[in-house]
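Below, all heavy atoms of this structure are taken into account, side chains as well, without hydrogens, waters or symmetry copies. Ligands are counted one by one from 1 in listed order, and the atoms in each one are counted from 1 as well.
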Amino acid sequence: MLVVRKIKEIITLVAEEKLKGKKIGFVPTMGALHPGHISLIEISRKQTDFTICSIFVNPTQFNNASDLTHYPRTPEKDIELLKSASCDLLYMPDVNDVYPEKDVREFDFGYLDTILEAAHRPGHFNGVAQVVSILLKNIQPDLAFFGSKDYQQVMIVKSLVKQLNLNTEIVACPILREADGLAMSSRNMRLTGEERKIAAQIPKWMQEAVLIIKNEGVDAAKRFVLQKVDQVPEMKLDYYEVCEAETLMPLKHLSPGKNAVSLIAVFVGKIRLIDNWMIN
Ligand code: PAF
């Protein structure tokens with residue numbers, strides 16, 4: 001696996017691979033890799049001929065300085081994991097390579113940038129759009145793979161690609177879960193042993209809430225989740241919403257033939273975790 005630090009090197013290498021007729025897959029990450037990330041590499045390897053991964057903790061998407069400082073960084077382990085997964089190329093830049101100048105671009109995602117994660121982390125998706133647009137414009141992959149745990153992010157990135165007329169297809173990949181159901185996340189590494197046990201309740205409540213949505217409606221499910229979270233002193237609910245899966249418009253009731261998704265953000269101690277559950 002080649003490891004490059006400069007975007008200019010990637011541009012040349014990708015051009016060479018494309019000349020050989022190869023289809024390019026790209027998996028952007030912020031490192032601290034876990035099996036969820038590796039599953040994206042595996043999907044890319046199945047669907048393309050040359051897989052590029054990036055590891056860059058993007059400062060512009062953090063609206064909380066302490067979250068950025070404490071974001072887990074495990075570069076040596078990440079490189080080993082990517083080698084074992086047969087990733088072809090790793091781009092691991094420093095901030096100046098991605099942002100030679102301050103990025104002052106403001107993106108407009110309309111309604112999508114007013115709800116859920118956007119409402120609770122102002123500026124977050126603008127930062128995601130800045131870095132993803134830089135990566136996609138330079139790397140020009142045929143396909144780019146994103147985990148569905150960040151459900152709203154996938155929708156934002158699809159909208160970004162449309163707005164910028166980029167030639168990359170965005171592929172949303174399934175959430176990978178630990179044996180106890182907790183969605184895999186780099187942030188799980190920051191939980192204490194006790195917090196990790198507590199966090200395992202999140203997917204269980206979300207599943208129970210699906211039944212409540214079907215039998216009693218969305219408001220009853222919201223009350224259920226809030227009550228469960230409130231019973232645990234280490235937890236604090238940021239939001240729990242049930243939305244139309246295609247648009248993320250909030251729902252009061254399920255409509256036949258339309259998919260819905262429930263989405264949660266919850267603090268366990270100081271760590272903010274997100275998850276979502278599809279409701280068919
Ligand atoms: O999902 C992430 O890890 C990040 O938001 C991404 C897409 C790599 C952009 O920094």
More than 12 heavy atoms of other groups within 6.0 Å of N96 CG: yes
Looking at R223 and D230, is any side-chain nitrogen of the basic one under 4.0 Å from a carboxylate oxygen of the acidic one? no
Pairs where residues 234-272 contributes a residue and the test ring pair (Phe, Tyr, Trp, His ring centres under 6.0 Å) is met, not counting sequence neighbours: H120-Y239
Residues which pass side-chain hydrogen bond (donor to acceptor under 3.5 Å, both in side chains) with Y91, listed by chain and number, not counting sequence neighbours: D97
Check whether any side-chain heavy atom of L254 lies under 4.5 Å from a side-chain heavy atom of I213, and answer yes or no. yes
Just distance, no hydrogens or angles: give the donor-acceptor pairs under 3.5 Å from side chains in residues 69-79, sequence neighbours left out.
residue	atom	partner	partner atom	Å
T69	OG1	A65	O	2.8
H70	ND1	S66	O	2.9
H70	ND1	S66	OG	3.4
R73	NH1	L68	O	3.2
R73	NH1	Y71	O	2.9
R73	NH2	L68	O	3.4
T74	OG1	D78	OD1	3.0
D78	OD1	L33	N	3.0
D78	OD2	A32	N	3.0

Per-pair distances, ligand 1 N/O vs protein N/O, less than 3.5 Å:
residue	atom	partner	partner atom	Å
ligand 1	1 (O)	Q153	NE2	2.8
ligand 1	5 (O)	Q61	NE2	2.9
ligand 1	5 (O)	Q153	OE1	2.8
ligand 1	10 (O)	Q61	OE1	2.6

